[in-house]
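In this text the structure is predicted, and so the values were computed from the model without any measurement. All ligand and atom numbering here is 1-based and tracks the order in the structure.
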Amino acid sequence: MKKATILAGLTFALVSGVAHAQGVTLTFACDSVGSGYDQCKKGADAWAKKTGNTVRVLQVPKETGDRLALYQQQLGAKSKDVDVYMIDVVWPGLIGQNLADLSKSIPKAELDQHFPAIVKNNTINGKLVGVPWFTDAGVLYYRTDLLQKYGYKSAPKTWAELQTMAQKIQEGERKSNPRFVGFVFQGKNYEGLTCDALEWVNSFGGGEIVDSSGKVTINNPKTVAALKQIQSFVGTISPQAVTTYAEEDARNVFQGGNAAFMRNWPYAYAAGQAEGSPIKGKIGVAALPAGPGGKPAATLGGWQLAANAYSAHPKEAADLIRYLTGKEEQKRRAIDASYNPTIASLYKDQDVLKAVPFFGSLYDVFTNAVARPATVTKSKYNQVSNAFATGVYNVLTKKSTPEAAASSIQSQITRIKGRGF
Ligand code: GLC
């Protein structure tokens, strides 16, 4: 009896040993905004099918800051639970020490296809901690039908023009739709507000919060002017509740047909053009407006794929990353879900341009986007960004004047700098 059990156990071990040799199971912490999860799963499943491995795609928090906190905890404990992470463009300096060096896993010819600035951003002390997957830049969405209805020929070039146009459209539309608003954006106190507010400040000529030499520059008259203008939007052309909005909250209002303008990332385009969307065929995309005498600014966002340095399956993890960041999959994601490729040649691909025409018309916006000061502030970036977003949030909620906020952000970031960056 006992012998038989042992034998049965042995047979089972042998059989499962064989099954094991056929493939491993990778765990992938990917996306959750918009169709992010489904798109990650599609790509991962295609790789799994091709290689005989399995990928478990996790549900991850929606906001980048919440993801960061969770991943820092896992990596800090040297956990093997996740093999592949999708990491934000501002994270390499924050978690790079716990990520594998992928420079030997991606052939140079393939790596050279990506925008060099992103590869450089992802290289920490000579280590390639993430392979570029998709890039992001803030853009202005508008309703082409409503601009026409109210007699406007093109999207606003300045924030003041946006204000006038949004006001007029809002007044007209409210007669039949009391919920209608002029402009929605990301006004909640989180990383998304850092992105939006950097665009306001930079487009007024107010700099980049901290410059590339590490000098804290935020307290200047142009920052104050930018904050004043946006403060005046809240409760007029933007709902009071915009100070609770992240990307998806803004998109839901715009896609529901209840806003004239929206600031968002490119993913919102495919979502708005999808079958069943009330605004399908009525979406225009333009560069964001500028301040007086300034130029439009788009914050650089985007995501990379990284391998956990403690993964039990480093080879398979690197292979999954190579597949997903490759040209074919980037093309699929651009067409299906308007994710901006990090491979320059895809911006000339006719199938891509047909699906997402603004990848061609706004090419300069994507290649000249303004970076958040992550590289220069290194491990302190998160604290710097929190100080900035909180100061701006206090202005939007009228807890603080623009002057007081600019001065308080300046002194807080200077204090953080004193602790080293
Ligand atoms: C987008 C950007 C990312 C940014 C985030 C803020 O996901 O790609 O870089 O940090 O939005 O909400």
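- The ligand atoms of ligand 1 that sit less than 4.0 angstrom from a heavy atom of Glu191 are 10 (O).
- For ligand 1, the atoms sitting less than 4.0 Å from at least one non-hydrogen atom of Gly301 are 2 (C), 8 (O), 9 (O), numbered in the order shown with element in parentheses.
- Note on ring orientation: taking the six-membered ring where Trp is involved, the planes of Phe359 and Tyr347 are tilted (angle from 30° to 60°).
- Side-chain contact of Glu208 with Thr217: a donor-acceptor pair under 3.5 Å is absent, judged by distance alone.
- Heavy atoms of Phe134 stay at 4.0 angstrom or farther from ligand 1.
- For Tyr267 and Tyr269, the gap between ring centers reaches or exceeds 6.0 Å.
- Below 3.5 Å of separation, one finds no N or O of Val89 facing any N or O of ligand 1.
- The protein heavy-atom contact nearest to atom 7 (O) of ligand 1 is Trp303 NE1, 3.0 Å.
- Contact annotation for Arg372 and ligand 1: only side-chain heavy atoms (C-beta onward) come within less than 4.0 Å of the ligand.
- Close contacts of ligand 1 with Gly192, meaning ligand atoms under 4.0 Å from a residue heavy atom, involve 6 (C), 12 (O).
- The proximity of Glu247 to ligand 1, defined as any non-hydrogen pair under 4.0 Å, is limited to the side chain.
- Between the side chains of Gln163 and Ser232, at least one donor N or O sits under 3.5 Å from an acceptor N or O.
- Among the atoms of Thr64, none of the N or O lies under 3.5 angstrom from an N or O of ligand 1.
- Proximity annotation for atom 2 (C) of ligand 1: of Thr194, Leu193, Asp136, Asp136 comes nearest, heavy atoms only.
- Under the 3.5 Å distance criterion, with hydrogens and angles disregarded, a donor-acceptor pair is assigned to the side chains of Ser311 and Asp83.
- The Tyr190 neighbourhood of ligand 1 comprises atoms 12 (O), with distances under 4.0 Å to a heavy atom of that residue.
- Taking the side chain as every heavy atom from C-beta outward, Gln167 and Phe233 never approach each other to under 4.5 Å.
- At under 3.5 Å, a nitrogen or oxygen of Asp88, whether backbone or side chain, sits near a nitrogen or oxygen of ligand 1.
- The 12-atom threshold is not exceeded at NZ of Lys348, counting heavy atoms of other residues, nucleotides or ligands nearer than 6.0 Å.
- Ranking the protein heavy atoms by distance from atom 11 (O) of ligand 1 puts Trp265 NE1, 3.1 Å first.
- Residue Asp31 forms a salt bridge (charged side-chain N to carboxylate O under 4.0 Å, His left out) with just one option from Lys62, Lys41, Arg67, and that option is Arg67.
- Judged purely by distance below 3.5 Å, without hydrogens or angles, the side chains of Asn219 and Ser407 never pair a donor atom with an acceptor atom.
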